[in-house]
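Lettering of chains follows the sequences in order, A, B, ..., and the numbering in each one begins at 1.
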2 protein chains.
Amino acid sequence: MKTTIAQVASLADVYSKDCPSRAALELVASKWVLLIIPFLAAKPVRNNELMRRVQGISQKMLTQTLRELERNGLVARIDYQSVPPRVEYQLTEMGRSLSHALLPVDQWAEKHHARLTAARQAFDEVNADPSRGN
Amino acid sequence: MKTTIAQVASLADVYSKDCPSRAALELVASKWVLLIIPFLAAKPVRNNELMRRVQGISQKMLTQTLRELERNGLVARIDYQSVPPRVEYQLTEMGRSLSHALLPVDQWAEKHHARLTAARQAFDEVNADPSRGN
DNA sequence: CGGTATCCGGCCAGATACTG
DNA sequence: CAGTATCTGGCCGGATACCG
């Protein structure tokens with residue numbers, strides 16, 4: 001698997017300022033989307049479990065993200081109309097196709113984060129504030 | 001190619017609030033990174049060409065994004081020290097591995113944007129502001 | 001050409017309180 | 001349990017002007 005010039009050349013729309021595919025890209029360019037979509041790929045999940053498993057997300061951001069994903073047809077919201085309330089979120093078919101694209105990104109982050117940190121530290125050391133003078 | 005439960009279960013760190021891999025994910029969760037990294041995969045590119053091809057980006061955001069990618073070891077900045085100035089940006093090996101993960105996301109956006117738009121319009125119609133009352 | 005520096009409005013997102 | 005409503009500070013990013 002190698003990125004070829006032909007593959008990149010095949011991309012055109014996303015580089016166009018006003019193409020709707022740019023909007024699609026911006027929808028996906030979100031850390032919460034990057035976490036939630038692959039998480040839903042395993043099984044339908046309730047609001048509460050997402051709150052616990054996607055650490056650091058607030059109820060507000062969770063609802064907001066899920067709503068936006070539902071609005072764009074990526075996630076289906078299943079309300080069981082029961083008491084106490086029970087709501088499940090699951091991927092649509094289009095959502096599943098997205099999870100196939102996003103999972104490798106998450107895996108990449110887990111695999112390379114140590115090298116990123118090392119590179120960052122090296123860079124910051126070389127470019128340390130010269131006004132301190134040493 | 002199908003996303004399995006095992007694959008998602010293999011992800012752990014990114015869902016942890018304080019793991020560095022979360023920071024790695026947030027670095028990538030940017031529309032400009034999503035556009036610039038795959039674009040550099042084809043060949044080394046100059047600042048000026050990026051400005052023209054990545055439509056809508058400002059000089060400020062371009063420099064800021066490239067600097068952050070360079071800092072994290074994903075992009076190398078080649079300054080030819082010539083007059084007039086000539087600077088090229090190219091992917092490092094780690095940057096190339098990232099482009100392999102990001103290209104499918106861009107392709108997904110181009111392929112599905114029409115369905116996203118359609119879903120959004122349908123959703124907004126059903127959930128139209130009820131206070132208007134009809 | 002390839003950047004910096006500075007200003008500033010707008011929206012993002014956290015905190016908090018409340019609801020069916 | 002699964003949300004909504006409201007307030008607010010912070011920072012993101014566009015616009016503009018300047019520099020080697």
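Within 4.0 Å of B:Tyr80, counting heavy atoms only, lies no atom of the nucleic acid at all.
Across the protein-nucleic acid pair, A:Leu62 atom CG and D:dG3 atom C1' stand 10 Å apart, rounded to whole Å. Look at CZ on B:Arg46: it is 10 Å from P on C:dG3, rounded to the nearest Å. If you measure from atom CG of A:Asp79 to atom C1' of D:dG3, you get 11 Å, rounded to the nearest angstrom. Atom pair A:Tyr89:OH and D:dA2:P shows a separation of 8 Å (rounding to whole Å applied). Rounded to whole Å, atom P of D:dA2 lies 14 Å from atom CD1 of A:Ile78. Look at CD on A:Gln81: it is 12 Å from P on D:dG3, rounded to the nearest Å. For A:Asn48 and D:dC1, the CG to C1' distance is 7 Å, given to the nearest whole Å. To the nearest angstrom, C1' of D:dT4 lies 12 Å from CG of A:Asn47.
Under the 4.5 Å side-chain heavy-atom criterion for Ile, Leu, Val, Met, Phe, Trp and Tyr, A:Phe123 and B:Val33 are members of distinct hydrophobic clusters. A continuous path of ILVMFWY side-chain contacts below 4.5 Å connects A:Ile36 to A:Met51, so both sit in one hydrophobic cluster.
Taking side-chain N and O atoms only, A:Arg67 has a distance below 4.0 Å to OP1 or OP2 of D:dG3. Contact annotation: B:Arg77 side-chain N/O to C:dG2 OP1/OP2 distance is not under 4.0 Å.
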Sugar-phosphate atoms are those with a prime plus P, OP1 and OP2; base atoms are the rest. Using that split, label each nucleotide of nucleotides 11-20 of chain C B, S or - for protein heavy atoms under 4.0 Å, 5' to 3'. --BBB----B

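Both tests do not hold together for B:Arg53 against A:Tyr15: distance to the six-membered ring centre under 6.0 Å, angle to the ring axis within 45°.
Ion pairing between a basic and an acidic side chain is recognised when a charged N comes within 4.0 Å of a carboxylate O; B:Arg120 and A:Glu68 show no such pairing.
B:Arg71 CZ: more than 12 foreign heavy atoms inside a 6.0 Å radius.
Closest of all the heavy-atom pairs between A:Lys31 and B:Ala29 is N-CB, 3.5 Å.
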Starting from the C-alpha separation in whole Å, work towards a yes-or-no answer on side chain to side chain contact (heavy atoms under 4.5 Å, CB included) for A:Glu88 and A:Val45. CA-CA 5 Å; A:Glu88 281 185 355; A:Val45 183; over 6 Å; no

